[in-house]
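Structure record follows, encoded as structure tokens.
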Amino acid sequence: LVIVGDNKTPKDYMEKENGGALKKPNVFFFSMEEQKEWIQMANIAPQISRFVRLTPENHFGRKNLGFLYATLRGAKFIFDFDDDNFINKDDAGKLVPLIPDESQVKDVRFVKTSRTA
């Protein structure tokens, strides 16, 4: 799970959110400080540096940095959730799988939009 912070996100977000429940090895908080460090990589990765610099702060487009962050760390799947998205449940209240059968998935891009979108 990658959480992309912005200027309004508290620096101690991971410690405070849900009583620290998000502090796990597979949860990454990509802070504004870390995002700004990527701008300094102009001599190593100029495309990434420029991309970060040109992506507006406090803008929904900033989530693209999270996609890049996840991809560079080997993510096999990327699911895009916002604070007003919910995972679907069936009639019995069981979570509906996002990927019905992972063994069938190869080089596929899943896009699901909300019913209200």
Side-chain angles (χ1 to χ4, degrees):
L1 174 66
V2 176
I3 300 168
V4 181
D6 63 20
N7 289 321
K8 297 172 286 198
T9 308
K11 293 187 187 324
D12 57 355
Y13 175 80
M14 294 297 284
E15 289 77 25
K16 286 189 171 180
E17 189 63 28
N18 293 319
L22 292 176
K23 274 197 98 151
K24 296 183 180 187
N26 60 346
V27 178
F28 304 94
F29 178 61
F30 192 27
S31 69
M32 282 301 295
E33 289 77 19
E34 288 178 286
Q35 294 170 40
K36 289 176 181 176
E37 287 174 11
W38 280 22
I39 295 173
Q40 306 308 314
M41 297 188 325
N43 59 337
I44 301 169
Q47 297 89 349
I48 292 175
S49 175
R50 185 168 191 263
F51 180 68
V52 175
R53 190 171 36 83
L54 294 175
T55 305
E57 293 183 11
N58 299 323
H59 187 273
F60 75 92
R62 202 81 175 170
K63 67 183 177 178
N64 291 300
L65 302 181
F67 300 155
L68 181 58
Y69 184 98
T71 301
L72 291 172
R73 283 161 178 72
K76 297 192 187 315
F77 299 102
I78 295 179
F79 299 99
D80 177 14
F81 294 95
D82 201 346
D83 58 1
D84 59 355
N85 295 142
F86 302 95
I87 297 175
N88 293 329
K89 294 182 182 180
D90 63 17
D91 292 335
K94 186 178 175 185
L95 295 178
V96 176
L98 294 172
I99 302 174
D101 183 4
E102 288 185 26
S103 67
Q104 305 276 329
V105 178
K106 288 193 171 55
D107 297 320
V108 175
R109 180 175 178 224
F110 288 89
V111 177
K112 180 173 175 149
T113 58
S114 71
R115 286 174 242 161
T116 58

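Bear in mind that the values here come from a model prediction, so they are computed numbers and not experimental data.
- A single hydrophobic cluster is seen to contain both F28 and L72, as judged by linkage of ILVMFWY side chains at heavy-atom distances under 4.5 Å, directly or through other members.
- Between I78 and A70 the shortest heavy-atom distance is CD1-CB, 4.2 Å.
- A donor-acceptor distance shorter than 3.5 angstrom exists from the side chain of T71 to the backbone of F67, with no hydrogens or angles considered.
- I39 and M32 fall into different hydrophobic clusters, where Ile, Leu, Val, Met, Phe, Trp and Tyr side chains are chained together by heavy-atom contacts under 4.5 Å.
- To the nearest 0.5 Å, the span separating CG on L1 from CZ on F29 amounts to 11.5 Å.
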**OP:** Before giving the answer on side-chain contact (heavy atoms from CB on, under 4.5 Å), spell out for N64 and F51 the whole-Å C-alpha distance, their side-chain angles and the decisive distance to 0.1 Å.
**Re:** CA-CA 10 Å; N64 291 300; F51 180 68; 3.7 Å; yes
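- In this structure, Q40 contributes its side chain and E37 its backbone to no donor-acceptor pair below 3.5 Å.
- Here the closest non-hydrogen pair linking T55 and G61 is CG2-O, 3.8 Å.
- Between V4 and D6 there is no side-chain heavy-atom pair separated by less than 4.5 Å.
- The CG atom of L68 lies 9.0 Å from the CZ atom of R73; values are rounded to the nearest 0.5 Å.
- Using a 4.5 Å heavy-atom cutoff, the side chains of M41 and I48 are in contact.
- The environment of CG in D91 is sparse: at most 12 heavy-atom neighbours from other residues, nucleotides or ligands sit within 6.0 Å.
- In this structure, Y69 and W38 have parallel ring planes: the angle between them is below the 30° cut-off, well short of the 60° mark.
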Original post:
Could you go step by step and tell me if I3 and F30 meet the side-chain contact (heavy atoms from CB on, under 4.5 Å) rule?
Top reply: CA-CA 6 Å; I3 300 168; F30 192 27; over 6 Å; no
**OP:** Just do the side-chain contact (heavy atoms from CB on, under 4.5 Å) check on E57 and K36 with the steps written out, would you?
**Re:** CA-CA 10 Å; E57 293 183 11; K36 289 176 181 176; 3.3 Å; yes
Original post:
Under the side-chain contact (heavy atoms from CB on, under 4.5 Å) criterion, do V52 and L65 qualify, and how do the steps go?
Top reply: CA-CA 7 Å; V52 175; L65 302 181; 3.8 Å; yes
